[in-house]
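Take a look at the structure set out below.
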Amino acid sequence: MSRRSAGREGGSSGLLIASEGGYRCRVKILETRTTIVGTPWRELLFLELVTEEGLVGVSEVRMVNKTETLDACINELAPRYVLGSDPFDVERLAWNVQRGEYGRPGEVTQSALAAFDVACWDLMGQSLGVPLWKLLGGKFRDRVPAYANGWYQAEREPATIARLAKQVVARGYRALKLDPFGAASAELSSADRRRVDAIMRAVRDAVGPDVQMLIEMHGRFTPATAVRVAALLEPYDPEWIEEPVPPENAAALARVRNSTRIPIATGERAHTVGEIREFIESGLADVVQVDLTHFGGFLGIKRVAGWAEAHYLLMAPHNVCGPVGTMANVHFAIATPNYKTLEHFNDFADPWVRELVDLAPEVSVEDGCFGVPDRPGLGVRLNHEACRAHPRTGGRLKLFEAGWERRAGQTRKSEV
């Protein structure tokens, strides 16, 4: 755990506190705390912002293979723009991190900003005594549909994966995501195409025609291969294909878009509006998947949601977080009209992560949805004892190595 105490740069008047005569400025953010929890294949970084009166705002980021870098960025930026500041001033915070720093914001900076932003919104909700979704636009929906990921931790064999898929549906999910492509990169051999076809057929037969199947391609393929694979998948009626080609090149994705009727989802590796702009404006994305915890937090993702709505597109944010990041996504979904579905790992990959907080969000067995949170702010608090029981592992995802889907992890070099 790392800490920082009060600084002054960028500081302002502090948190708004209810009083008989209205609201008065009284509290400032005085301390930051980061806590890193390790699992076999991912590390979860939690940030807590502590105010003068003892309120604690919390957030979470699952950084993609660069957790120490993110921790360092948070601890470098916090004294400049967070310590001594008013949690309500999130627009100024975002400007400071994205523009005032001058360097172009990217994955690490936007993830640090998201950690600050979400924890500040948590403090806002707590200070006003309302759930965070009330501050994001109020209640648009009562239920948030979820889809399961991380459930296919087994050998890449059709009958085994089909059996696991049935368990997902029995758990209550109406949708599931699957990457059936092994360690493929760029191309897919004829033998692998036959195996993918067999897996898809087995899963569709196991779950029936009404369960949504979302196919994750992880940006693996050349445009030509992606087109070929999309044609193979069409008979199984996938809800979408995700990142069929690497995410940077809109022209490459256009070749796939023009060759398939399957909806395309993309955006999880976009970190700024500029990086997702062409994909939205050119009609290349049907579902926008920017990650709340890598896109600057609630401010950033709300802007993209409004922009996507202008193009009649749906939001399905990427979410590989534990319970805190998942809860942040639930609040956003409750308040967002063009929200489609929320990704959820924590019923199948590292289910013990629910113990890291006092009240983890849960998918209902009855309808495969999250409900409406009712506690002030995010409504979750870290269980530090549980966090200490799971120290850092150096766990990371190695997508292009055989067996990655088992999510067994990676040993840190210092421990070899």
Side-chain angles (χ1 to χ4, degrees), residues 1-2 34-47 59-75 106-115 148-156 177-186 216-220 242-243 246-248 267-271 289-295 317-326 329 343-356 386-416:
M1 178 182 293
S2 59
T34 57
T35 300
I36 298 173
V37 170
T39 86
W41 63 280
R42 60 179 172 168
E43 291 189 320
L44 308 177
L45 185 149
F46 299 97
L47 172 68
S59 60
E60 177 191 8
V61 178
R62 174 270 192 176
M63 193 65 189
V64 185
N65 298 347
K66 295 185 271 299
T67 307
E68 292 180 9
T69 306
L70 174 61
D71 194 27
C73 186
I74 287 172
N75 287 317
E107 179 185 14
V108 176
T109 305
Q110 287 291 87
S111 299
L113 174 58
N149 204 344
W151 56 271
Y152 50 97
Q153 300 175 53
E155 59 184 306
R156 197 163 146 256
K177 184 188 281 186
L178 171 64
D179 180 336
F181 304 109
S185 175
E216 170 70 89
M217 293 184 170
H218 277 125
R220 296 177 180 280
E242 181 173 331
E243 277 198 343
E248 307 88 0
E268 73 173 67
R269 287 188 274 181
H271 306 109
Q289 293 183 293
V290 296
D291 187 317
L292 188 155
T293 68
H294 298 313
F295 207 85
H318 177 254
N319 172 45
V320 195
C321 284
V324 176
T326 297
N329 273 281
E343 184 172 19
H344 193 227
F345 275 82
N346 302 327
D347 280 327
F348 301 97
D350 320 314
W352 53 263
V353 299
R354 64 172 59 92
E355 301 167 6
L356 301 177
C387 290
R388 284 192 292 271
H390 299 280
R392 294 202 57 183
T393 60
R396 57 194 179 95
L397 191 62
K398 303 190 75 174
L399 184 67
F400 299 107
E401 290 190 2
W404 70 269
E405 61 272 13
R406 295 175 183 268
R407 303 184 187 274
Q410 167 78 14
T411 302
R412 300 179 74 178
K413 290 184 178 180
S414 61
E415 297 171 352
V416 173

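Numbers here are sequence positions counted from 1.
Distance check: Gln110 CD to His271 NE2 gives 8.5 Å after rounding to the nearest 0.5 Å. Rounded to the nearest 0.5 angstrom, Lys66 NZ and Cys73 SG are separated by 12.5 Å. For the atom pair Leu178 CG and Glu405 CD, the distance stands at 9.5 Å (nearest 0.5 Å). With rounding to the nearest 0.5 angstrom, the CZ atom of Arg407 is 5.0 Å from the OH atom of Tyr152. From His294, atom NE2 reaches atom OG of Ser111 across 4.5 Å, with rounding to the nearest 0.5 Å. Note that the CD atom of Glu243 and the CG atom of Asp179 stand 11.0 Å from one another [nearest 0.5 Å].
One N or O on the side chain of Asn75 and one on the backbone of Asp71 form a donor-acceptor pair closer than 3.5 Å. Side-chain atoms of Glu60 come within 3.5 Å of backbone N or O of Val324 as a donor-acceptor pair. Using modelled atom types, no side-chain atom of Trp404 and backbone atom of Leu397 make a donor-acceptor pair closer than 3.5 Å. For the pair Glu43 (side chain) and Gly394 (backbone), a donor-acceptor distance under 3.5 Å is present.
By the ring-ring contact (aromatic ring centres under 6.0 Å, His included) test, His344 is found to be paired with Phe370, residues two or more places apart in sequence or in another chain being considered. Take Glu248 and apply the side chain to side chain contact (heavy atoms under 4.5 Å, CB included) test, not counting sequence neighbours, and it matches Pro246. Evaluation of the ring-ring contact (aromatic ring centres under 6.0 Å, His included) rule for Phe46 yields no partner, not counting sequence neighbours.
The shortest non-hydrogen separation linking Gln153 to Arg406 is OE1-O, 3.3 Å. Annotation for Leu292 and Ala114: closest pair O-CB, 3.6 Å, computed over non-hydrogen atoms. The heavy-atom pair separating Thr35 from Cys387 by the smallest distance is CG2-CB, 3.9 Å. In plain terms, the two heavy atoms of Arg62 and Cys321 that are nearest each other are N-SG, 3.9 Å. Contact detail for Pro323 and Arg354: the closest heavy-atom pair is CG-CA, 4.5 Å. When every heavy atom of Phe181 is checked against every heavy atom of Met217, the shortest pair comes out as CE1-CG, 3.8 Å.
Side-chain contact check for Asn319 versus Thr293: every heavy-atom pair is 4.5 Å or farther apart. For the pair Ser59/Leu47, a side-chain contact is recorded, criterion being any heavy-atom separation below 4.5 Å from C-beta on. The side-chain heavy atoms of Leu399 and Arg220, taken from C-beta on, include a pair separated by under 4.5 Å. Taking the side chain as every heavy atom from C-beta outward, Arg396 and Trp41 never approach each other to under 4.5 Å. Between His318 and Arg269 the shortest side-chain heavy-atom distance does not fall below 4.5 Å.
Among the candidates Asp350, Val320, Thr326, Thr39, the single residue satisfying the side chain to side chain contact (heavy atoms under 4.5 Å, CB included) test with Phe345 is Val320. Applying side chain to side chain contact (heavy atoms under 4.5 Å, CB included) to Ile36 and the options Glu68, Met63, Arg392 leaves one that passes, Arg392.
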TODO: Please step through side-chain contact (heavy atoms from CB on, under 4.5 Å) for the pair Asp291 and Glu107, ending with a clear verdict.
DONE: CA-CA 11 Å; Asp291 187 317; Glu107 179 185 14; over 6 Å; no
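Between Trp352 and His390, the ring-plane angle classifies as parallel under the 30° and 60° cut-offs.
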